[in-house]
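Single-structure report; data block below.
Lettering of chains follows the sequences in order, A, B, ..., and the numbering in each one begins at 1.
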Amino acid sequence: MIYKKLHNWNITPKEAINIQNELKKLLKFKKFEKETFLVAGVDLSFPNKYGLAVIVVLDQKFNIKEIVHHIEKVKFPYIPGLLAFREGPIFLKAWEKLKTNVDIVFFDGHGIAHPRKLGIASHMGLWIEKPTIGIAKSKLVGNYKEPEKKHGSFSYLEYSGERLGIVYRSKDNVKPIFISPGYLIDIGSSLKITKLFIGKYKLPEPTRLAHIYTQKIKKKFLSC
DNA sequence: GCGACAG
DNA sequence: ATCTTGTCGC
């Protein structure tokens, strides 16, 4: 798949923050209305000094339609708030190898639930020009009330007077997941679509499967 | 200055 | 994320 090159990746943390402040002005959100669609889940692992990105495409019945991956040396450190500058470039190389035209992409991390409203899901959404949703296992910023222990319960994640995401209990008695829209989708649709992809586990199938493959391919890579 | 801090 | 086995609890 193709994408729009919005800026260089060879930059300093300070420049990265400036880029985020500029890109957030381009964000748009809307209701997702397609009835039939394909989704993709993205995740990365880090064997040694390398970054390994995996993209798994699923249909609405959780059937795997395509899987692609890409490995290359990581060039940016992990800094809270700047995750996209570490994982984004590697994900985009994998995206180039993808042949299936997907309708929504789930990322491992936040969307607009970010200090500058530009988490990795929002950032990559702007590059690939597709609706994106951020699925994080812990919060980066914001306040919220702990959801009830029963699966299906949720509360809102608020930051600087705004509702940026949802804290959703996907299964009984498990830590909730943090759902936030990335780009071209609103909060309501993000929750609705995410619910459709929760199977037997806490994490939605797209990112859960991407994570499994990220670990599997990493082992092969390390053993040869 | 102190605490928080996606993966 | 990564280093790593068993183990407590639903």
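Taking the centre and axis of the six-membered ring of A:Phe76, the NZ or CZ atom of A:Arg86 falls outside the cone set by 45° and 6.0 Å. Because its NZ or CZ atom is not both nearer than 6.0 Å to the ring centre of A:Phe197 and within 45° of the ring axis, A:Arg208 does not count as a cation-pi partner of that residue.
Inspection of the A:Lys117 and A:Asn21 side chains reveals no N or O donor paired with an N or O acceptor under 3.5 Å. Using modelled atom types, one finds no donor on one side chain facing an acceptor on the other under 3.5 Å when comparing A:Gln215 with A:Ser45.
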Worked check of side-chain contact (heavy atoms from CB on, under 4.5 Å) between A:Val42 and A:Trp95: CA-CA 10 Å; A:Val42 180; A:Trp95 183 256; over 6 Å; no
For DNA chain C, the dot-bracket pattern of Watson-Crick and G-U pairs whose distances stay under 3.5 Å, | for other-strand partners: ..........
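As judged by a 4.0 angstrom heavy-atom cut-off over every strand, A:Leu82 is placed among the base-contacting residues. Within the 4.0 angstrom heavy-atom criterion, no nucleotide atom of any strand lies near A:Gly134. Residue-level contact check: A:His123 touches neither bases nor backbone, having no heavy atom under 4.0 Å from any strand.
Atom P of nucleotide B:dA4 and atom CG of A:Leu157 are separated by 17 Å, given to the nearest angstrom. The CG atom of A:Leu83 sits 6 Å away from the C1' atom of B:dA6 (whole-angstrom rounding). Regarding A:Gln215, its CD atom lies at a distance of 12 Å from the C1' atom of B:dG7, rounded to whole Å. In this structure, A:His114 atom NE2 and B:dC5 atom P are separated by 14 Å, rounded to whole Å. In this structure, NZ of A:Lys49 is placed 14 Å from C1' of C:dC3, rounded to the nearest angstrom. The CD1-C1' distance, from A:Ile133 to B:dA6, rounds to 17 Å in whole Å. In this structure, CZ of A:Phe46 is placed 13 Å from P of C:dC3, rounded to the nearest angstrom. Atom CG in A:Leu164 sits roughly 14 Å away from atom C1' in B:dA6 (whole-Å rounding).
In this structure, A:His110 does not reach the B:dG7 phosphate: none of its side-chain N or O atoms is under 4.0 Å from OP1 or OP2. Considering only side-chain N and O atoms, A:Lys218 lies under 4.0 angstrom from the phosphate OP1 or OP2 of C:dT2. For B:dA6, neither phosphate oxygen OP1 nor OP2 lies less than 4.0 angstrom from any side-chain nitrogen or oxygen of A:Lys139. The side chain of A:Ser138 contributes an N or O atom lying less than 4.0 Å from OP1 or OP2 of B:dG7.
Here A:Tyr78 does not pack flat against the base of C:dA1, since the 5.5 angstrom centre distance and 30 degree tilt limits are not both met.
Closest to the side chain of A:Pro80, out of B:dG7, C:dT2, B:dA6, is B:dA6.
For A:Asn173 and A:Leu222, each mapped to the nucleotide of DNA chain C holding its nearest heavy atom, the one lying further toward the 5' end belongs to A:Leu222. When each of A:Ser45 and A:Asp172 is assigned the nucleotide of DNA chain C with its nearest heavy atom, A:Ser45 is the one assigned upstream, toward the 5' end.
Nearest heavy-atom pair across A:Ala16 and A:Leu82 is CB-CD2, 4.0 Å. Taking each heavy atom of A:His69 and A:Lys97 in turn, the nearest pair found is O-NZ, 3.0 Å.
A salt bridge is defined here as a Lys NZ or Arg NE, NH1 or NH2 lying under 4.0 Å from an Asp or Glu carboxylate O, and A:Glu148 with A:Arg169 fails to meet this definition.
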